[in-house]
Structures are given as structure tokens and as C-alpha cells.
Trainee: 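Below are the C-alpha cells for one structure; questions will follow.
Quick caveat: nothing in here was measured; it's all calculated off a predicted structure.
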Amino acid sequence: MLAGLGALLALAALVVGVPVALLLVFGSPLPDRLPTAEDLTRRLGPESVVSVLVACVWLAWLQLVACVAVEVHAGIRGVGVPARVPLAGGLQSLVHRLVVAALLLFTATTAVMPAFSGRDLLQQGPPPAAAAQFQPMAATAPAPPGPPPAAATTNRAAPDVDGGAAAEPVRRTRTTKIYRVQPPQGRHHESLWEIADKCLGDGRRYREIYELNKGRVQPDGSKLTIASLIRPGWILELPPDAVGAEVVPVEDLGDYYRYGEPRPDPAEPSPPDRSEALPEAPPRGEAPPDAQAPAPPRERAPQPPVTSAPAPPPREASPATPSPAPPQTRAPQPPATSAPAPDRTEHPAEAQAPAPRRSPEPEPRPTAGAERREADDGGIALPELSWPHGLAAASLLAAGVLAALGRRRREQMLHRDPGTMIPRPEGAAARAEEGLRVARDEEGARLLDLGLRQLSRSLAADGRTLPTVYGVHLGTESLDLWIAPADPNPPEPWLSFDDGQVWRLPAHALAEMDPAELGDVLAPYPGLVSLGTNRTGRILVDLEAAHGLIAVRGPAEVRRAVLAAIALELATNRWSDHMRITLVGFGVELGRSLAEIAPDRVRAVPTLHDALPELEARGEEVRQALAASGADSVLTGRCRGVFGEAWMPHYLIMADPPAPEEADRLLALARTGQRTAAGYLVAGEVQGAAWTWDVDAEGRLHAGVLGFDVAAQLIGEEQYAAVADLFRTASRRDGAPLADLAAGEEPAHAEHRCEVDIRLLGPIEIDAPGPMDDSRRDLCTEILVYLATHPGGVHPTVLGGAIWPRGVSTAVRDACIARVADWLGRDARGRPNLYYDDRGRIRLGSQVRVDWAVFRWLIWRSAAEPASEAAYLSCALDLVRGPLLADRPRGRYGWLAADPLEYEATARVVDVAHRLAVMRLEEGDARGAARAARAGLRMAPGDEGLWRDLLRAAHATGDRTQVRTVVEELRGRLGADPLIDQLQPETEALIEELMPYWRQPAPH
């Protein structure tokens, strides 16, 4: 506080005192007349020199004021790195220190305000404006006027039930303040830090909110156990001085925690059944009895869904600050009708019985994939599988794991027999992949990979050396490197901030980078690993920058989860080239699992004694390579691209503390005094460690001298085993047979006039007559896609478990379904295009056209009419516009992990394209065969069987230019697709036969 007061006085003296002194001593700086030509030739005296100096002081003062304005704006608004004032230099640095010290004075005073505020509230009652500050959430009984002295207390103790009738009026007027966690907006999620900053004026007070709500059972059945893990829809009690919160009676607080709203009075009538939101469709061909009835109400505005992983409280300073989420409104219940409808969400056997009174408890959350399928009798098999929180929060790890999994599945596709599809995961493995798909940040991984390689190439071209990177921040808009020593001159398109201590690459620069051009550049920082997240993005550190041993301290289980996450990310990331990872102490099963995921990178040994000889030999090889190449460090060797194999790193990750004699030997190996291609992470306390990271039971990780305080990236053993099971499934060669297509009535076809058209075989396209808000389109589109791919109907509970895998309230789910119904409208005969059937399932109407259903029907029809087979297959391939559900937004469609749609659609399209290509070649129609092969490649661009069909079709035309064109396309794809390492032998043999010199560079 003393430093803040001094800084405030210094700023006041500079901003106010300097101009006042200049005015008093030298007068106004503005001239009293316009300058003339004689002023340029007359002699200068002492008065003129003083005037020039005074003018310079005024200019310096104006620059000072500009610096103060910029720094104050950046400090108050939290915009991250302040803008640079031209020619300010050291002046802005001085102003920055003064402004920061002054602003800290105000943040320090907020820490003692709750005590005064709470005392004032006890004496004066709630402020007059309190009623206008909270967000409307649910109707509560109005408090009687004139609150008693204790009306505004926020104690969490249960109301007095033994106080007798005299205490009843006081008990009913006791109030507290609550806040409902907002749903995510894009990639931004609310955190306790942000809520504290918004409602309490200081993000550092998030611990107060955590202590008030710790261990409380929330509406979704879970509890707040880690400060960084909050979920949309949770109810949080706030301290008494909070603003922007809802004031509720204390006796209703338990109901808010359990149900999200006050529990209805038993004397009140129960709300109408949600099945009334959508009408039933009559039998095909009959007009519905309520054809002239109005459509379901459109005023239902629910809360947005829960689809994303939570964000942790951030560090105090961060490169960027996301905008807060918009206020959340509550969906009203559907209007009551004159006659009660049967509860369509119950078991069909109970449909004739009177509808039971609906309990306000949340519905169970079903699981993904096969566990979400319904039984034949209408019941639902819902074995609960926990949501993989660690995987769902690990965006870069998820991108790497799914890329490695994609390569395995590509191999499966190459060995797939016609009429089969590759095996799909089930159970915990499917749930794990669902979390990975929701979390995956493919664009962030590409930005990190290509951005670092481009930096290395640019510095090498300028004859410069790569800087030491001790920290990386990956946000939504940019990639920031914290480097040492500072360098204000990064290569383009990198930008410099904080006097060269931060190099920033804007995210939009990724569009200008060609992966093929950077493919031969060695990865400069292969040891970058994710520590965790703050509210603005992900924090990574470079293991090699420690120049020694890294010790990880904390509870054994949490510490092990941190090291497992680091190992898994290192084994699968794309910003590393060849590397070696030695695991010690992870156990036989865990070590073998990771070795199966990345056999070319990982080796598991039982003890450190088994690993030390290889580590010591590798260290000696690197020292010899440095001496032979003349490079001063590993970074220089990687940047120049000489002795490439010598700089491939070797990392040790040890899950158990080492024995004292082994620790001494490991310390001697790690203390090199310079950067080497190695990194050493050891669990427990180790004397002499270069870095020490501390992780607590709540999952917070403090990175010691680096200063990072983040929500750690954690992968538990169950999630680890589920990921390993994914890779075991992807290694199987026994395909699952495709189900026979049953005969059925022709679906709505292109020639028919359909009010609703859903196209899935390519980029998702929905043509519907009703209105749809763009902000809700992605969610409603996913609901509609799920319904379109399950033509037998979907129970609302199953739909909720698929679209909101982490849970959703019944009101939110039903309001979203009603919104989709409004979007689809009614068909030409007045029947709803979305309705509940007699078993309580949601279905699409008969006049809704789904291209995937049409495709399947055309395949069945081609088998039923062999004479017209080619025509039907050609019509089916005309429906394929690109990869299935292309351009779907990140963080959605996780249910595809266990659903057969992706596996079946790819297999059927490839089989149809190959069949038609063969038929066209037999008929002598080479161009028709080429069209068929290219149609299949639109869906599966990496299928080499179709590439071979295309090569044969091009060769059949007799035009060698077409053959060369196809070969060049395939060569370009081989360099650009990270999933294609090399061509199959069959493909290479065919190319050698058709074009012997294909490996020569293409002519320019």
C-alpha cells in the first residue's frame, strides 16, 4: 500500500504538477502571434533557447500523458500487453511500473472491503438497488417490506426450525445471493476468477466463492471439489457484497443447489408434461386431427447447452482476456392444456396408467454409443460411465491422440474387406474418444507446429539463432513465446511485445503457411508440453530449457496423473519429430499401454537403473555432435539442419521418487550447464533439481521459478487405460460386417418437393422453412443431425445424453427440441415435421429428406434391380459432396465416437464407388469410372483403393497427361496429409507400371 501511494503521488506530480509548474514559471506554451519569415533569420538569445527547451518539456509531458492513458486503459480493462507509444522507450516502462503499483493499491483495498460491507449490511439491510442488479432466474416469493435487522445476512446455516412461531417472520426474510454459471460461448468458459471479478470486483476473491460452495451437491448431481472445475448451470452462493447476483431466501438455497430452482409447493398443480411441446404425427396418409392447430409456442428461450470442459481460474496477468458471457435467461414452462396428456417419457407399458407426478430431480445422463441404445420393449439401457474430465480439458493432447488414432484407422481401412466396416470402440473407450473429440484443438496444434517451424526457418535464413523459450501461451487469437534474453526483432509474421520478451504469432498467419514447404524443417522445440490452462488459454513449458532435473511434488495420485498427461502428449504431439521417451515406475500395464500407443517413441522400464545406461550414452552422443558440428547449442543445430539425428531428444519421465544413489547419478547426468536434447521429470522431492513444480490435491500446479499457476492437465489411470483400449481396437484387422439394408418405402427424394432437406454427405446443410437464430444454429443443427441419423426415433433422455454429454436439465433440453420443431415447421398437409410417436420417441416426419437415407435406399434398390444397378449407384454417388459432416464446429458431435454412422458411411461410399468404377471400366467408359472414383474420394480422400481405380481409369483414356495429373495429385496429398506416411506397396507398384519415372520432381 505504501508503494501504491508513492506511485500515485508520483503520477500526480508528473501528470498534474509538471504542467502547473510550467504554466506558473514560463506561462502558456502557445505563441501570442503567428510566426513570420524573420523568425528564421534573427539572432537567438537566451530567451529563445529557454523557449525551445520549454517546448521540448511540453512535448515530453504530452508523451508521458499518452503513456499513462495507455497503461491505465490496459490495466483496468485487462487487455494484456499494452499498446506501444511511439518513441516512448524507457519512459513507458517507467510509467508502466508506476501505474501497476498504483492499480495494485486499489486491488489491495478490495481485500478488506467484505468485512466492512458485511458489517454495513448487518446494520443497514440490503441496498435499495439490489433488486435491479440480479439476473432473473426463477420466480421467488416476495419478501415482506421493511426487512428486519438480520434480513440480509448470508450465513449458510440451516434456518432455525426450533425457534417457535415468534422466529418465523425473521427466518422467512433471511436472504442470500446466488449466481448461475453461464454456458460457454465459443471457446470461452466462465471460471470462478471471472465470476469473482464480475460480481466482487476482484478476481483474487474466487477463493471466497469456492469456500462458500465447496462440497455442495449441484443440480447435475456433482460437487465442487476443485476450484478450477465449475460447470454451466451450477448455483454458486456469493458473499454479501456481490453485485449482479440474484437475492433469494435462505430457506430456498438448498433447493437451488439441488434442483436449480425453488422446489414447487406440493399443493400447487404439477407442470404439464414436456411431451406436449411436440404433437404426435398421425398415420401416414391420414390428416391429423389437429391439423389446423397452431404450432408449438416459439417463445421458449432456454439456457444454452452444456458442451464444453470448464476453465480454471487464471493467473493474474495473461496475454489476452476473453469477453464475458452474455446474461442467461430461464425458459418458461409450456402452457398448460385443458386435458392432461399421458407422460410420453415413461416406459410404454406405463402409458395407459395415470401419469405420475414429475419429480424435480434431474434425469439420469445416458452414455455414448452402444450404451445409449434403447431396448426393444421401449426401455433404455443406461449404464453410467463418468465423463472423462481430464481428456475433455486437454485440447492439444486430444489433437495429438486423435491424429495418431486416425493413422491407425487409416491402416484398418486399407486392409478392410468389401462389405465390412472397421471395428468401433465401445464402453469406456468410446466415452474417452467422445471427450477427446469435444476437446480437440486441431487449429491450435497446427499453429504451434507450423509456427515454430516457420520461426526456425526464418531465423536460419537470417543467420540468427533460435531463442530460449521458457514458456508458451496458446490462446484463441495468438501464440505467444516468452523468450530469454529479450529480442525486439522477431522475423515476420511474428510480432514483438514487452520490449522483446514476448514474440507473438497471430492465429490468422496460419493461413499463409504451407505445410509442404515446412516439412523438411526440424522441430525446434520438441520438448514443449502442456502444464495446464488459465482463463485465456493453455500454458506450455520446454523441458529442455531447465538445463537440469525437474521435480514434481504433490499427492502421489495427482502427481502421477500430471506425469501421465505429459507422457501421453509427448508421445502423440505433432510439433515434435523423432524422439525417445523412457518411462520408469508407471507399472507394467500403464507402461505397456503407452508403448502400444506410440511404439516408435516410448519405452517402459521397471527401474531407473535399467534406463540410466541408455540416457548416459545418449548424452555423450549429443556432446560429441556439438563438438563435431561447431554448433554452440542444440537449438543452433536444429535451426541450421545439420547433424539432424543428433538433436532428436530423449526424455525421462519417472512416476516414483528415485533412490538416493540413483538420484545422484541422474543429477550428474542432467547438470550439463548448457542445453542438450534431453529432459528429466522425476516425482517427489529431489535435492539439486533445476525446477520444482508443486501440484495440490485440487489439481492446481505452481511451476516454481517460472511463475505459472495453472489448472494442471491430469490424465487418470482409468482414462489412460481407455485411450489404450482405443488404440487396441484400432489395431484389429477383423472388420465388422455391414448390416443388410432392409426393403422399405422410398424416402423423400430430390424429385419430391420437401419442406425440409438435411444433407449430411459433405458439409452439413439444412433447408427448413422456420426461423432460426444464428447463435443457436449449431446446437439445433446437431440435434437435427442426431435425429436424422436415427430414423427409428430417439428417446428424449437418450438425445440429451448425446448432445449434452456432461448433463442438461429437462427444461433446457425440451426447450431446444421445441426450437428445432419450430425450425422444421409443418409439411404441406399441416403435419409437424418433428413429433413424438406413441412410444415417447422423437422422430422426423415422412416429408423430411435426409440424403444419407436416400443413399442407403438407392443401394438397396440397386441390389433389388440388377439391370439398373449402375444407374442407381451413380445416383447414390451424386449425393456425396465431401467428407461426412464436414465443417462441423469444434467441441460438438462427440457422440460420433461410438455411433456407427462414420464407420458405415465411409465403408458404403467407398464400396459403391469402387463397384461402379469397375463396372464402368468393364463397359469401356473410362471417364465414367474416373467420375465414380472421384466421387468416392470426396468422402474418403485417403483411400488408396480408390486412387488406384482413378489411375486405371486415367490410363484407360490413353492420355498420359491425365495419368501424370493423378500421380501429382497423389504426390501432393502424400506431402500435405499428416495421416499418410507412405503409400501402400500396391499403389507404388501400379504407379511404377503406368508411369516409371513418377518419383522425379514434377516439371515447373
Side-chain angles (χ1 to χ4, degrees), residues 183-184 220 231-233 274 278 302 304-309 345 362-375 378-388 391-392 424-440 758 760 764 766 776-821 834 836 839-844 850 852 884-885 888-905:
D220 62 359
R231 303 181 183 179
R274 67 179 181 275
L278 299 176
V306 180
T307 57
S308 300
T345 62
E363 297 189 11
R365 290 172 290 163
T367 59
E371 289 71 26
R372 206 181 273 137
R373 292 196 299 270
E374 303 178 31
I380 307 173
L382 298 175
E384 184 67 21
L385 293 175
S386 60
W387 177 249
L391 295 175
R424 58 189 178 91
E426 297 179 353
R431 195 66 163 170
E433 185 174 351
E434 188 174 355
L436 291 170
R437 291 191 181 215
V438 170
R440 172 175 51 187
I758 303 174
L760 312 178
I764 305 173
I766 309 292
R776 304 181 186 273
R777 184 177 297 274
D778 287 345
L779 171 63
C780 292
T781 297
E782 185 178 3
I783 293 175
L784 195 50
V785 168
Y786 191 84
L787 295 174
T789 55
H790 296 77
V794 180
H795 195 282
T797 305
V798 177
L799 178 66
I803 307 301
W804 295 275
R806 297 178 59 197
V808 65
S809 67
T810 302
V812 170
R813 183 200 65 202
D814 291 345
C816 289
I817 296 172
R819 188 176 296 109
V820 175
L834 190 70
Y836 280 101
R839 301 178 70 188
R841 291 170 169 81
I842 309 170
R843 304 183 64 151
L844 297 178
V850 181
W852 172 234
L884 183 74
L885 303 177
R888 55 184 181 263
R890 178 194 165 198
R892 296 194 179 275
Y893 298 88
W895 50 270
L896 287 172
D899 196 277
L901 175 64
E902 275 187 325
Y903 306 90
E904 180 186 357

Trainee: Can you name the closest pair of heavy atoms from Ala897 and Pro425 and give their distance?
Mentor: O-CG, 3.5 Å
Trainee: Going through the distances and angles, do Leu391 and Glu434 end up as a side-chain contact (heavy atoms from CB on, under 4.5 Å)?
Mentor: CA-CA 9 Å; Leu391 295 175; Glu434 188 174 355; over 6 Å; no
Trainee: Indicate the atoms forming the closest heavy-atom contact of Trp895 with His790, along with that distance.
Mentor: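 That would be CZ3-CE1, 4.4 Å.
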Trainee: Do Leu885 and Leu901 come close enough that some side-chain heavy atom pair is under 4.5 Å?
Mentor: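 Yes - at least one pair of side-chain heavy atoms lies under 4.5 Å apart.
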Trainee: If you compare all heavy atoms of Ala392 against all heavy atoms of Trp387, which two are closest, and at what distance to 0.1 Å?
Mentor: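 The pair with the smallest heavy-atom distance is CB-NE1, 3.5 Å.
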Trainee: Looking at every non-hydrogen atom in both residues, tell me the closest pair between Ala430 and Ala898 and how far apart they are.
Mentor: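 Heavy atoms only, the tightest pair is CB-CB, 3.4 Å.
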Trainee: I need the minimum non-hydrogen distance between Ala788 and Leu760, along with the two atoms involved.
Mentor: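 Where Ala788 meets Leu760 most closely, the heavy atoms are CB-CD1, 4.5 Å.
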Trainee: Yes or no on side-chain contact (heavy atoms from CB on, under 4.5 Å) for Tyr786 and Ile842, after CA distance, side-chain angles and deciding distance?
Mentor: CA-CA 11 Å; Tyr786 191 84; Ile842 309 170; over 6 Å; no
Trainee: Report the C-alpha separation of Tyr893 and Asp778 in whole Å, then their side-chain angles, then the decisive distance to 0.1 Å, and conclude whether the side-chain contact (heavy atoms from CB on, under 4.5 Å) test is met.
Mentor: CA-CA 10 Å; Tyr893 298 88; Asp778 287 345; over 6 Å; no
Trainee: Give the minimum heavy-atom separation between Pro388 and Ala432, together with the two atoms involved.
Mentor: CG-CA, 4.1 Å
Trainee: Taking salt bridge (charged side-chain N to carboxylate O under 4.0 Å, His left out) as the criterion, tell me which of Arg892, Arg777, Arg888 meets it with Glu782.
Mentor: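 The passing option is Arg892.
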Trainee: Strictly distance-based, threshold 3.5 Å: is any side-chain N or O of Arg890 a donor or acceptor partner for the main-chain N or O of Ala439?
Mentor: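 Yes.
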Trainee: Output the distance between atom CG (Leu787) and atom CD1 (Ile817), rounded to the nearest 0.5 Å.
Mentor: 7.5 Å
Trainee: Nearest 0.5 Å, please: how far is CD in Glu902 from CG in Leu896?
Mentor: 4.5 Å
Trainee: Where do Leu784 and Leu844 land on the side-chain contact (heavy atoms from CB on, under 4.5 Å) test, with the steps shown first?
Mentor: CA-CA 9 Å; Leu784 195 50; Leu844 297 178; 3.8 Å; yes
Trainee: Taking the side chain as everything from C-beta on, heavy atoms only, tell me whether Arg776 gets closer than 4.5 Å to Cys816.
Mentor: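 Heavy-atom side-chain distance check fails, nothing below 4.5 Å.
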Trainee: Enter the distance from Arg424:CZ to Glu904:CD here, rounded to the nearest 0.5 Å.
Mentor: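 Going from the CZ atom of Arg424 to the CD atom of Glu904 covers 10.0 Å.
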